[in-house]
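Working notes for the structure below.
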Amino acid sequence: MKKIHDIIEDLHRHVHVVLTRLSDQPIEINELVITPCKKEFAKDFTLVLFGLAKKLRKNPEVLGDELGKALMENQSIQSYEVIKGFLNFSLPDQFWIDLVNSLQGNSVEEQIKLDKTYKYLIEYCSPNTNKPLHLGHVRNILLGWSVYLIQKSLGHEVFTTQVINDRGIAICKSMLAWTKFGEGQTPESTGIKSDHFVGDYYVLFETKFREEYLTWQNSEEGKLAFENSKKADESEADFYKRFKNEYFSKISPLGQEASEMLRQWERGDEAIISLWSRMNQWVYDGFEKTQNLLGVSFDFSYYESQTYLLGKDLIQQGLDKGVFQKSEDGAVFVDLTDAGLDKKFLLRSDGTSIYITQDLGTATQRHLNHGADRYIYIVADEQDYHFQVLFEILRRLEVPFSDGLYHLNYGMVELPTGRMKSREGTVVDADDLINEVIREASVMAQERGELENLSKEDKDKVISQIGLSALKYQLLKVHPKKRMIFDPTESVDLQGNTGPYIMNAYVRIQSILRKTENLEKSQPNLILQEEKDLLNLLIHYPKAIQEAGHSLDPSQLANYVYQMAKDFHKYYHDVRILNAETQEAKLWRLNLIGIFSNYLSHGMSCLGIEMPDRM
RNA sequence: GGUCUCGUAGCUCAGCUGGAUAGAGCAUCUGCCUUCUAAGCAGAGGGUCUCAGGUUCGAAUCCUGACGGGAUCACCA
């Protein structure tokens, strides 16, 4: 059974043969630019002539005319029209019949599968364990999951992973606050979602610490510090802002306690480790609930507590190879200035490892464990520099997988009011956001009343699918690399360029199909222009999703699916399907929309969006 | 200050491997539900594609520069 790809290639070949006959110059088949014709010219396809005309030293319009005539004689095309440098042409019925056969005879997956596939490992989400997930994580999660789904549907072998930062001073702050002020409370006893429960103690620590710092600032000691250590012209406020870290590590009783806790953790103190495990488990349980709500999962998890010591062997190798250097106090660094980067430290003078040491370690460890061809790190673009350095170092160490490393650096999410700041309480919490979009969907569904006959369970499921589609599509339709402004009130919009709009197109089709029985496959004897528009979108679907996969950019797929829904809504409005003029037309249209809905739901499913049958 | 990145309608965004008159949605205004789900369709208004040069038959798209936003430049993560 021919695939769409073959049919398009045939078309190019027909044009190429004729063109070669008209030309004294060799022309490559991939020099032909054939696109769908713009709607106002009422033809099926367009060949752009400028490039060819230049190469053949002919006037574009003359060339277009010659070409059109020859293709007509050949019966490759049905009609044509040359406008400026464009050859617009329509194809014979056989082309469309072949196409419909291809669509009926191959699944979407078969149509889009790539010949050459790879093994991917995709890292996404990668949370810290001191706070619940927020809007930034949601963008990350949805991107990662969609990239995963797209690659998988193209036939690649794909695995997902998250690196969990479960150690360090941050979690110790939560632990300390809980020890001091928690009075034995638990998520169960308070009924608070467990990751939020831990996050609340992190916030409590910060609050107590701020109070403590303020008290100190007003004490004799604090005032003295200001007088003695301030820079010329430095205001009191500026000084105390700058001094905060030093206060935390050298003076603050709370700071001392938290640091001591970290040291105890590193020594393996049993009581501390047990508290740490307990609180982290609360956080994981909470994360998992949120991730389940979003419908995502991971094949592997890496925990920093288990990987932070990795990388030291690599440092030694680097030193042996002469790629790294040792400074006088024993710290190890690498000089990357010749690559346009800076000097980067890799090991502290006391021999302990830092962030990048660990990343070097996990990178090699992962390659040992999974042996993928490509490693995709989905991490916000604030870490661009870090990844440039990381990848450059791995190249210099000549690790075998350095060509397969890719940082998908998505832009940060901002609110209409500006950046999210935890200190100002403007962070949009993931769970709150999810609940909010579902609540809004519920209100609207109530108004429409289409779900009245469903059981409570089915109804809730559909409502949650609608709400989530709004949120997911809203975040995925923007190009990943772009910093985006996220308006929570817009995310609950259900009209226009939104998830529910696309969903509605699918649901309308299902509603029609429910009203018919025994669909025979049928060939059209007449294809309306509106139907060719729909078919044209299906023709280009494989290319669209392949391009989205190639560039790791779900927004291309999102926008494509929107275009499909838009054209369908118009078709639905203009053309009668169940009450078609003839039985033949009805059968054909039912077939067409059935196929179309398969592609719609395929595209949406690759965005991680499930489609209900009614809404 | 160095490096990277972005600048398209009132707002949020497509388009960017150069092609026809720069597109959507929201918001504003006007029509269309006795006809397959109106979460829909049709229409109106809204643009110096930040600015200035350059390359080209042709530039929102490529190059250079300016201006404006953002990120980053720790023996932090």
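Values below: every heavy atom of this structure, side chains too, minus hydrogens, waters and symmetry copies. Protein chains get the first letters and strands the later ones, always in sequence-line order, with residue 1 at the start of each.
- Nucleotide C11(B) holds its C1' atom 9 Å from the CG atom of Asp487(A), rounded to whole Å.
- Comparing the P positions of G43(B) and C6(B) gives a spacing of 35 Å, expressed to the nearest Å.
- Checking the phosphate oxygens (OP1, OP2) of C41(B), a side-chain nitrogen or oxygen of Tyr501(A) falls inside 4.0 Å.
- Out of C75(B), C41(B), U37(B), the shortest distance to the side chain of Met615(A) is found at U37(B).
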Write down the protein N/O and nucleotide N/O pairs, taken from nucleotides 54-64 of chain B, whose separation is under 3.5 Å; answer none if there are no such pairs.
none

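- Counting any heavy atom pair closer than 4.0 Å across all strands shown, Asp567(A) reaches no nucleic acid atom.
- Judged purely by atom type and a 3.5 angstrom limit, His407(A) uses its side chain to pair as donor or acceptor with the backbone of Val379(A).
- Closest to the side chain of Lys38(A), out of A24(B), U37(B), A20(B), is A20(B).
- Per the stacking criterion (ring centres < 5.5 Å, plane angle < 30°), Phe86(A) stacks onto the base of A20(B).
- Counting to the nearest Å, the P atom of A38(B) and the CE atom of Met444(A) are 14 Å from each other.
- Comparing the C1' positions of A27(B) and A77(B) gives an interatomic distance of 42 Å, to the nearest angstrom.
- When rounded to the nearest whole Å, the span between CZ of Phe387(A) and C1' of U72(B) equals 14 Å.
- Across all strands shown, Thr46(A) has heavy atoms under 4.0 Å from base atoms, whether or not it also approaches the sugar-phosphate.
- With rounding to whole Å, Glu31(A) atom CD is found 15 Å from U17(B) atom C1'.
- Ile466(A) comes within contact range of at least one nucleobase, with a heavy-atom separation under 4.0 Å.
- Backbone-only engagement by Lys566(A) is indicated by non-hydrogen atom pairs under 4.0 Å involving sugar-phosphate atoms exclusively.
- The side chain to side chain contact (heavy atoms under 4.5 Å, CB included) test applied to Gln510(A) returns Tyr506(A), Leu513(A), Arg514(A), Ser597(A), Asp613(A), not counting sequence neighbours.
- Using a 4.0 Å heavy-atom distance criterion, Val507(A) is classed as a base contact.
- Base contact: Asp613(A) has a heavy atom under 4.0 Å from a base atom.
- Residues that satisfy the ring-ring contact (aromatic ring centres under 6.0 Å, His included) test with Phe287(A), not counting sequence neighbours, are absent from this structure.
- Shown here are the side chain to side chain donor-acceptor pair (under 3.5 Å) partners of His386(A), two or more places apart in sequence or in another chain: Asp359(A).
- For G40(B) and U35(B), the C1' atoms lie 15 Å apart once the distance is rounded to whole Å.
- Within the 4.0 angstrom heavy-atom criterion, no nucleotide atom of any strand lies near Gln358(A).
- Nucleotides A22(B) and C32(B) have their C1' atoms positioned 29 Å apart, rounded to a whole Å.
- In this structure, the side chains of Gln563(A) and Leu537(A) come closer than 4.5 Å at one or more pairs of heavy atoms.
- Taking atom C1' in both C49(B) and U61(B), the straight-line distance is 10 Å, to the nearest Å.
- C76(B) and A14(B) are spaced 38 Å apart, taking the P atom of each and rounding to whole Å.
- Ser174(A) and Asn130(A) share no donor-acceptor pair across their side chains, judged by distance under 3.5 Å alone.
- Among Val138(A), Leu433(A), Val478(A), the one residue that satisfies the side-chain contact (heavy atoms from CB on, under 4.5 Å) test with Phe486(A) is Leu433(A).
- Classified by its glycosidic torsion, C33(B) falls in the syn category, the angle being within 90° of 0.
- Consecutive Watson-Crick or G-U pairing (both distances under 3.5 Å) extending over three or more pairs maps onto RNA chain B as B:1-7 with B:67-73, B:10-13 with B:23-26, B:28-32 with B:40-44, B:50-54 with B:62-66.
- In this pair, Phe568(A) does not lay its aromatic ring on the base of G40(B); centres under 5.5 Å and planes under 30 degrees do not both hold.
- The distance from atom OH of Tyr355(A) to atom P of U72(B) is 13 Å, rounded to the nearest whole Å.
- Residue Phe333(A) is out of contact with every strand shown, counting any heavy-atom pair closer than 4.0 Å.
- Residue contacts for Asn409(A): at a heavy-atom cut-off of 4.0 Å it reaches no nucleic acid atom on any strand shown.
- Within 4.0 Å of Tyr385(A), counting heavy atoms only, lie sugar-phosphate atoms of the nucleic acid but no base atom.
- Remark: Phe86(A) pairs with Phe50(A) by the ring-ring contact (aromatic ring centres under 6.0 Å, His included) rule, at least two apart or across chains.
- Across the interface with RNA chain B, nearest-nucleotide mapping of Lys570(A) and Gln388(A) shows Gln388(A) to be the residue nearer the 5′ end.
- Applying the side chain to side chain donor-acceptor pair (under 3.5 Å) test to Glu31(A) and every residue at least two apart in sequence or in another chain returns Lys55(A).
- Distance noted for atom C1' between G23(B) and G47(B): 12 Å (whole Å).
- Between Phe89(A) and Phe41(A), the ring center distance fails the sub-6.0 Å criterion.
- Within the 4.0 angstrom heavy-atom criterion, only backbone atoms of the sugar-phosphate kind lie near Glu382(A); the bases stay farther away.
- Aromatic pair Phe391(A)/Phe387(A): centroids less than 6.0 angstrom apart.
- Legend: residues meeting ring-ring contact (aromatic ring centres under 6.0 Å, His included) with Tyr385(A), ordered by chain and number and at least two apart, are absent.
- Residue Thr498(A) is the one, among Thr498(A) and Arg483(A), whose nearest nucleotide of RNA chain B lies closer to the 5' end (criterion: closest heavy atom).
- Rounded to an integer number of Å, the gap from OH of Tyr410(A) to P of A71(B) is 15 Å.
- Closest to the side chain of Lys482(A), out of A20(B), A77(B), G7(B), is G7(B).
- For Tyr473(A), the side chain to side chain donor-acceptor pair (under 3.5 Å) partners two or more places apart in sequence, or in a different chain, are Asn497(A).
- Comparing the C1' positions of U48(B) and A60(B) gives an interatomic distance of 12 Å, to the nearest angstrom.
- Considering only residues two or more places apart in sequence or on other chains, Arg419(A) meets the side chain to side chain donor-acceptor pair (under 3.5 Å) condition with none of them.
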What protein N or O atoms touch nucleotides 26-36 of chain B N or O atoms at under 3.5 angstrom, if any, and at what distances?
{"unit_1": "U35(B)", "atom_1": "O2", "unit_2": "Arg576(A)", "atom_2": "NH1", "d": "3.4"}
{"unit_1": "C36(B)", "atom_1": "O2", "unit_2": "Leu578(A)", "atom_2": "N", "d": "3.0"}
{"unit_1": "C36(B)", "atom_1": "N3", "unit_2": "Ile577(A)", "atom_2": "N", "d": "3.3"}
{"unit_1": "C36(B)", "atom_1": "N4", "unit_2": "Tyr572(A)", "atom_2": "O", "d": "2.5"}
{"unit_1": "C36(B)", "atom_1": "N4", "unit_2": "Val575(A)", "atom_2": "O", "d": "2.7"}
{"unit_1": "C36(B)", "atom_1": "N4", "unit_2": "Arg576(A)", "atom_2": "NH2", "d": "2.8"}

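- Considering only residues two or more places apart in sequence or on other chains, Lys250(A) meets the salt bridge (Lys or Arg N to Asp or Glu O under 4.0 Å) condition with Glu246(A).
- Considering only side-chain atoms of Asp342(A), the nucleotide from A14(B), A20(B), C73(B) that sits closest is C73(B).
- Nucleic acid contact class of Met412(A) (heavy atoms, under 4.0 Å, all strands): none.
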